[in-house]
Amino acid sequence: MKSFLLLFSMFAVLSGCGGNMQGVVRGTGQPVVFAYEQGMSSDSLTAVIDKETFAGKAVMRGASTTVGNFGTTILTASSSTGDFVATLIGNRGSTLSCQLQYADSSGFTTAGGVGVCQHSDGRTIDIVW
């Protein structure tokens, strides 16, 4: 029972972390606030730009898992880069395509990071968190 409670507590902590990312439209200085919710296999992102609400997911790019069989022993190794991509879809038909570099290579959003998003109208948004 203790193991279950510990595992459940860890899951609740990992899946319930959220916060904000500060963005600015390059060239104009228009502020953009992104909100994130840390997930187990992806993060949920939202933003509002010019009264259009965007929502989407960020997923890790470049992660790999290797499985090796040595006699009767099976070994697995994982590597991750902290390199994430995100797509956010606006409620008025616009999109954001983002490249994010998390400070923590395993993908803990709360550790911070930097990124850049391209709006479908051509604007570029720089992000820090």
Between OG1 of Thr95 and CG of Asp121, what distance do you get to the nearest 0.5 Å?
-> 9.0 Å
Are Phe34 and Phe108 grouped together when hydrophobic residues (ILVMFWY) are joined by side-chain heavy atoms under 4.5 angstrom apart?
-> no
Are Val24 and Val116 connected in the hydrophobic side-chain network, where two residues link if heavy atoms are under 4.5 Å apart?
-> no
By the rule that ILVMFWY residues connect when side-chain heavy atoms come within less than 4.5 angstrom, directly or transitively, which residues belong alongside [X]?
X      : value
Val59  : Val85
Val33  : none
Val128 : Val114

Which atoms form the tightest heavy-atom contact between Ala86 and Leu88, and what is the distance?
-> CB-CD1, 4.1 Å
Taking every heavy atom of Met60 against every heavy atom of Ser106, the minimum-distance pair comes out as CE-O, 3.5 Å
Would you please name every residue forming a side-chain contact (heavy atoms from CB on, under 4.5 Å) with Thr73, sequence neighbours left out?
-> Leu75
Quick check against the 3.5 Å criterion: does [X] have a side-chain atom that pairs as donor or acceptor with the backbone of [Y]?
X     : Y      : answer
Gln38 : Thr109 : yes
Asn91 : Thr53  : yes
Asp50 : Glu52  : no

Go through the structure and list residues passing side chain to side chain donor-acceptor pair (under 3.5 Å) with Asp83, not counting sequence neighbours.
-> Arg61
Please say which of Tyr102, Trp129, Tyr36 ends up in a side-chain contact (heavy atoms from CB on, under 4.5 Å) with Thr110.
-> Tyr36
Compute whether any side-chain donor of one residue and acceptor of the other, for Thr87 and Lys57, lie under 3.5 angstrom apart.
-> no
With sequence neighbours left out, the residues meeting salt bridge (Lys or Arg N to Asp or Glu O under 4.0 Å) with Asp104 are none
